[in-house]
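A quick write-up on the structure given underneath.
Proteins get letters first, then strands, A, B, ... in listed order; numbering begins at 1 in each.
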Amino acid sequence: MIDLKLLREQPEEVLAIYRDRLFDGAAADIARQLIEVDARRRQIVATTDELKQQRNTGSNAVGREKDPEKRKQLIAEMDGFKGKIAEADQALAALDEQIRSLALQLPNLPDPSVPAGKSDAENRVLREVGAKREFAFAPRAHWDLGEALGLIDFARGVKISGSRFYLLRGIGARLQRALISWMIDVHVEQGYSEVYPPYMVKGECLVGTAQLPKFADTVYRDIEEDFYWVPTAEVPVTNMYRDEVLDAADLPIKHVAYTACFRREKMAHGKDTRGIKRGHQFDKVEMVKFVAPEESLPELEKLVADAEDILKRLELPYRVVEMVTGDLSFSASKKYDLETWAPGCNEWLEVSSCSTFGDFQARRAMIRTKSGKDKPRYVHTLNGSGLALPRTLISVLENYQRPDGSIEVPKVLRSYMGGLETITAPAK
RNA sequence: GGAGGAGUGGCCGAGCGGUUUAAGGCGGCGGUCUUGAAAACCGCUGGAUGAAAGUCCCGGGGGUUCGAAUCCCUCCUCCUCCGCCA
């Protein structure tokens, strides 16, 4: 959520950012409305405060007056106040609601260091790590490998739950489980504290991390109980500290959590339908940090390094992409993506997205920090995948495939797979 | 799911319609004393908004009243007992 004070004091500067950096005219319009409504609200506040002050002093006088007659007279003098205050309060509540709904629709402001650009076409590849593997044969896609080796069952996934669902079976299921355990262990080693959060959350959590109200059509919801299914562990983990003031000495707080993630993915039929790249349910290991504002950018770099560590240890080729302003997500102020090369599908797969949100989420979720007698200030929140499982699985299967159709198990995973070194076709 | 009880400041806890700008204690911070520490004593010690005065916050929301932590309605959470259940 935007700092209303900033918008009030430097309206032109903020509007220029929406217009010239984010190329988002709609946001600029919302901001303009917000400035207007905020000005009106401030007038009404002055009125209500004054009325209330008069009421309070009047009522106190009644309390101090012992003589019944004089008391009656004092009470009579208060006639009409209640109505006036109620009226003003009502007007105020309406304006507050307007401000809230406008403010919640505004995207975050990009960090000054983010390069300007209109779309993902202008994103910059910062570095490419690990050479793409050379294959003496045409590398197969994971959907072929997975079915041939009995690791992935597409048909039955669709039978059970419909399009964009699949099952992992046998060694396939175990490989994913091994990746999850191993990733969490690596992140714990990096200093993250493990969390097992709820998969169903209240709506206010999604407002806190900014999936709501704007992206309501991307999340699954249980109407009966008003629960939402988490689209990412970011939601429950970030909301752990909602409405809290954290001791500055405890920062940075670093958590790692594994959850299934549920997304409606309302996109055109036929796009990205092949394989396990994009589904309504997928697993992800997520890192979440709460840091002092001045640590935001250095902590983002460390977060990226921690995610990269996973790909390095898996010996998978990858690249780091820096998002331009126009390709930032709604709530990010700076963001890097990690993409791993999948030789079978012949594309770079986004396996991690690492962002700092500045104080954008902290304002929405009221997560603050305080040192001694200083005034509380908003923390900065960051998160990054470490990593998304299906695409990591794709990259492992496709990069580690051998000419005979078998797949080598990455060295770091073997101890998590009962020592298994090679995945071969199951006996019929 | 049923029956009872309870939600007050970082924590404990008083207040149950009107000098409460929420008593008191614990914890925390600062000071006096001390070679230093402890003890003792003294002072300070929530948040939002606002330039300030002030206004708002006693689980959330609504109501009654000149005036609500206090009364009423409703929802939530926790505790005890019963039922059910991995």
Side-chain angles (χ1 to χ4, degrees), chain A residues 1-11 34-35 37-104 196-208 212 222-228 236 239-251 253 260 290 359-379:
Chain A
M1 198 146 59
I2 189 157
D3 181 0
L4 276 181
K5 202 182 262 181
L6 176 73
L7 191 57
R8 197 181 296 146
E9 288 168 2
Q10 301 178 31
L34 198 48
I35 292 167
V37 180
D38 177 57
R40 263 191 285 155
R41 195 198 87 100
R42 284 160 63 78
Q43 287 181 337
I44 303 272
V45 165
T47 316
T48 54
D49 280 6
E50 198 179 324
L51 283 171
K52 283 177 183 174
Q53 184 180 2
Q54 290 172 23
R55 178 201 62 192
N56 290 347
T57 47
S59 293
N60 282 340
V62 175
R64 260 178 277 123
E65 182 55 61
K66 300 297 178 215
D67 181 73
E69 275 310 308
K70 285 182 182 165
R71 187 181 263 247
K72 234 179 226 174
Q73 196 186 329
L74 284 174
I75 290 175
E77 282 169 17
M78 303 291 292
D79 190 44
F81 258 97
K82 205 197 289 194
K84 272 193 239 170
I85 290 175
E87 207 175 298
D89 268 343
Q90 227 162 31
L92 193 57
L95 290 173
D96 278 340
E97 185 43 45
Q98 266 189 60
I99 287 174
R100 185 182 140 78
S101 72
L102 286 171
L104 289 178
Y196 168 78
Y199 287 14
M200 297 154 81
V201 297
K202 296 193 269 185
E204 51 204 279
C205 293
L206 287 151
V207 174
L212 288 184
D222 172 39
I223 302 283
E224 300 250 321
E225 303 283 351
D226 196 27
F227 275 129
Y228 292 82
N239 278 281
M240 281 169 66
Y241 302 110
R242 182 154 47 86
D243 295 325
E244 291 191 28
V245 180
L246 305 168
D247 190 333
D250 294 335
L251 300 182
I253 293 173
F290 305 82
D359 63 9
F360 187 77
Q361 293 182 328
R363 281 180 186 280
R364 291 173 160 244
M366 283 297 283
I367 307 170
R368 292 172 293 168
T369 179
K370 189 173 130 163
S371 173
K373 288 187 177 169
D374 295 347
K375 284 202 77 174
R377 49 185 192 151
Y378 292 103
V379 299

Please report, rounded to the nearest Å, how far the [atom2] atom of [N] is from the [atom1] atom of [X].
X	N	atom1	atom2	value
A:D250	B:G10	CG	P	16 Å
A:N60	B:U21	CG	C1'	10 Å
A:D247	B:G27	CG	P	18 Å
A:I75	B:G67	CD1	C1'	9 Å
A:R42	B:A51	CZ	P	6 Å
A:R64	B:G67	CZ	C1'	12 Å
A:R363	B:G47	CZ	C1'	15 Å
A:K375	B:A48	NZ	C1'	8 Å

With both distances under 3.5 Å as the test, what is the Watson-Crick or G-U wobble partner of [N]?
N	result
B:G17	none
B:U65	none
B:G4	B:C79
B:A22	none
B:G30	B:C42
B:U70	none

Does a sphere of radius 6.0 Å around [atom1] in [X] hold more than 12 heavy atoms from other residues, nucleotides or ligands, not counting ones at 6.0 Å or beyond?
X	atom1	value
A:E244	CD	yes
A:E87	CD	no
A:R8	CZ	yes
A:Q90	CD	no
A:Q73	CD	no
A:D250	CG	yes

A side-chain contact here means heavy atoms from C-beta on lying under 4.5 Å apart; do [X] and [Y] qualify?
X	Y	answer
A:D38	A:L7	no
A:T48	A:I85	no
A:R377	A:T369	yes
A:N239	A:L206	no
A:L251	A:V379	yes
A:S59	A:M78	yes
A:D359	A:D3	no

(message) Measuring to OP1 and OP2 of B:C66, would you say a side-chain N or O of A:K82 lies under 4.0 angstrom away?
(response) yes
(message) Any side-chain N or O of A:R71 below 4.0 angstrom from OP1/OP2 of B:G67?
(response) no
Could you give the distance separating [M] and [N] at their [atom1] atoms, to the nearest angstrom?
N	M	atom1	value
B:A68	B:A22	P	15 Å
B:C16	B:G7	C1'	15 Å
B:G1	B:U49	C1'	45 Å
B:G10	B:U65	P	34 Å
B:U21	B:A53	C1'	14 Å
B:G27	B:U20	C1'	24 Å
B:G46	B:G24	P	14 Å
B:C73	B:C79	P	25 Å

(request) Indicate for each nucleotide in nucleotides 53-62 of chain B, in 5' to 3' sequence, whether protein heavy atoms under 4.0 Å reach the base (B), only the sugar-phosphate (S), or nothing (-). (result) -BSS------
(message) Go nucleotide by nucleotide along RNA chain B from the 5' end; which of A:G63 and A:V245 gets its closest nucleotide reached first?
(response) A:G63
(message) Counting the atoms with a prime plus P, OP1 and OP2 as sugar-phosphate, which does A:K370 contact under 4.0 Å by heavy atoms, base, sugar-phosphate, or nothing?
(response) sugar-phosphate
(message) Applying a 4.0 Å non-hydrogen cut-off, can you work out what A:K72 is touching in the nucleic acid: base, sugar-phosphate, or nothing?
(response) nothing
(message) So if I take every side-chain heavy atom of A:R41 and compare against B:A48, B:G67, B:U49, which nucleotide ends up nearest?
(response) B:U49
(request) Under 4.0 Å from any atom of RNA chain B, heavy atoms only: list the residues of residues 85-98 of chain A that qualify, in numerical order. (result) none
Between protein and nucleic acid, restricted to nucleotides 84-86 of chain B and to nitrogen or oxygen atoms under 3.5 Å apart, what atom pairs and distances do you find?
none

(request) Please answer whether the main-chain N or O of A:A365 pairs with a side-chain N or O of A:R242 as donor and acceptor at a distance below 3.5 Å. (result) no
